[in-house]
Amino acid sequence: MEQNVKQVTALKKEKLKKINALGINPYPTNCQRTHEIVELINNEEKYLADKQFVQITGRLTAMRRQGKIGFAVLTDSTAKIQIFVKKDGVGEENYEVFKLCDLGDFAQIDGICFMTERGQYSVLAQKVTILGKGIRPIPVVKEKEVDGQKVRYDEFTDIELRYRKRYLDLLLNPENKATFIKRSEIITFTRNYLNDQGFIEVETPTLQPLYGGANARPFMTHHNTLGTDLYLRIATELYLKRLIVGGFEKVYEIGKNFRNEGMDRTHNPEFTSIELYQAYSDLDGMMHLTEELFSQASLLVNGTTTIPFGDHEIELKTPWRRATMLELIQEHTGEDFSDFDFERLSAYCTKNHIEIPNGAGAGKLVAQIFERFVEDKLIQPTFVTDHPKEISPLAKGKPGHPELTERFEIFIATNEYANAFTELNDPIDQRERLEAQAKLKELGDQEANMVDEDFLEAMEYGMPPTGGLGIGIDRMIMLLTNNTSIKEVILFPTMKPE
RNA sequence: GCAUCUGUAGCUCAGUUUGGCAGAGCAGCUGACUCUUAAUCAGCGGGUCUAGGGUUCGAGUCCCUACAGGUGUACCA
């Protein structure tokens, strides 16, 4: 399998020797660039009229040589343009250099813009300079216009190769590169939006002595000097709340979380989230923020709030539907479980083959029934509110409803995108909730929270009423770029070693 | 984790049904070509058919196991 590559590489190394023999360094330390290619493309008439000397740099992505002339295409990150090289134009010696160029090599072209006899806007080369020579055969994608439609030949489509060799994917599949540009734009937009509202961006520890803020199994590592085990964070929540205690009123963090769980089209072991906390705000404030972030980000990268996603058409225009978990269960099962009757709930679960975990109470069963019968019905954006207290150990209770909390999750196209609470700020209640989690952990729930004494101590000093929101950034980007696999929006997704 | 599909040249793929010389296009190499644009024309080279085992006179093809990936599903955001 590698043998042929070795042969081609050997041939290319021979070319390197020939280039060196001409007294030319194929990896020069500098180059001259007067224009990005897009500038020449966007101002064609000006550059044709001026006959201005230009120096452009990029990768050679097509090559059509014919005797003493040759055409090539030079591509930089902004655009691509045809290059016309004549032996008469660049001189015998430099034409030899051009002949030693291969597809995929980086080059600098000095010349002037002109129109070929066939009417193709091009740069007429006066000099070809090699800037970086490749020694491995690069896959070539060819393109042809048929009736205005671009038809592509020999595309680089092997999914495994695209993920493992992402640089080739970016190089050969412009539409995939565009996804990552949109990713950057969406994250930049989110930062600007929050900064404009007075939020400050912070960084909290990725390595933590205790993990918490979500229900998940962690990755563990070890610090040699301290002689102690540390966890990679599963959420940023508990540290950001310490900052609210410390007097910051609006904070957010965008960063990686790590969860030692299964991988599928919506889960990668490391993923990017944004969590934000706003003192003196509440659930309504967080709903408004969520709607605005998604709909405005969509306008930014799609120009509309009506977007395709998989088989669905999603309308992100605000306001989004709001419904409680119990209402939705009733809507889709006809059952009213608002009395939280454990016997009825467990009988219903048994009848419908829903697992009843060890130590589960009525609240957990309500959540299980919701997952089983409601989640996959939620296509258009829906704020699901009023989650059971039992599965929401960090959310404030709902006044007048001892079993419920002030919480929402946003579902779009059956997937969860965000999770928010009116944050619990009662230190005594918080301790009881975490101790209940610890009991679940003893009963075998590997994803239950731990009792974080330092976090509880912080809350005991007093914490203001606060709204908190977490959004799965990767999923948000999937939605806004119509990608149904998380691997398509993560540059280097986790893969098993080859 | 379970189920299922896939793995053939650098890339994209035929060939697997019904076992019988390892194929094509692009890319590469040699030659021709001063207006091509999937350039064209002539010729050449390139393979551990993912890996290992089995059945068979004979396996890319049939059987078993492993590895990697896709999809579905479980847990989860």
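Chain identifiers are assigned alphabetically (A, B, ...) following the order of the sequence lines, protein sequences preceding nucleic acid strands; residue numbering begins at 1 within each chain.
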Any ion pair linking A/Asp110 and A/Lys127 (charged N to carboxylate O, less than 4.0 Å)?
no
Residues touching RNA chain B, which here means a heavy atom under 4.0 Å, drawn from residues 83-97 of chain A
A/Phe84, A/Lys86, A/Asp88
What I want to check is whether the side chains of A/Glu253 and A/Thr236 have a donor and an acceptor closer together than 3.5 Å.
no
Length of the line joining A/Asp158:CG and B/G10:P, which is rounded to integer Å:
13 Å
In whole angstrom, give the distance that lies between atom CD1 of A/Ile135 and atom P of B/G10.
16 Å
Is there a donor-acceptor pair closer than 3.5 Å between any side-chain N or O of [X] and the backbone N or O of [Y]?
X        : Y        : value
A/Asp386 : A/Leu404 : no
A/Asn268 : A/Thr494 : yes
A/Lys396 : A/Glu406 : no

Residue whose nearest RNA chain B nucleotide is more 5′ - A/Gly262 or A/Lys496:
A/Lys496
Cation-pi check, A/Arg65 onto A/Phe98 ring (under 6.0 Å, within 45° of axis):
yes
Going from [atom1] on [X] to [atom2] on [Y], what distance comes out if it is rounded to the nearest 0.5 angstrom?
X        : Y        : atom1 : atom2 : result
A/Lys13  : A/Leu16  : NZ    : CG    : 8.5 Å
A/Leu469 : A/Gln278 : CG    : CD    : 10.0 Å
A/Leu168 : A/Asn173 : CG    : CG    : 9.5 Å

Hey, does [X] reach any base, or is it just sugar-phosphate, or nothing, if we go heavy atoms under 4.0 Å?
X        : value
A/Leu168 : nothing
A/Arg152 : nothing
A/Lys165 : nothing
A/Gly67  : base
A/Thr157 : sugar-phosphate

Whole-angstrom distance between [N] and [M], as gauged at atom [atom1]:
N     : M     : atom1 : result
B/U65 : B/G25 : C1'   : 36 Å
B/G19 : B/G54 : C1'   : 15 Å
B/C67 : B/U50 : C1'   : 8 Å
B/C64 : B/A3  : P     : 14 Å
B/U16 : B/U8  : P     : 16 Å

Review item, nucleotides 3-7 of chain B N/O atoms under 3.5 Å of protein N/O:
none

Report the base-pairing partner of [N] (Watson-Crick or G-U wobble, both distances below 3.5 angstrom), or none.
N     : result
B/C29 : B/G43
B/A38 : none
B/A24 : B/U12
B/G1  : B/U73
B/G7  : B/C67
B/U18 : none

Would you tabulate the pairs of protein nitrogen or oxygen atoms and nucleotide nitrogen or oxygen atoms of nucleotides 26-32 of chain B closer than 3.5 angstrom?
unit_1	atom_1	unit_2	atom_2	d
B/C26	O3'	A/Lys142	NZ	3.1
B/C26	O2'	A/Asp154	OD2	3.4
B/A27	OP1	A/Lys142	NZ	2.5
B/C29	OP1	A/Lys15	NZ	2.6

Would A/Phe271 count as stacked on B/A77 if the rule is ring centres under 5.5 Å and plane angle under 30°?
yes
Please determine if a side-chain N or O atom of A/Arg265 lies less than 4.0 Å away from the OP1 or OP2 oxygen of B/U71.
no
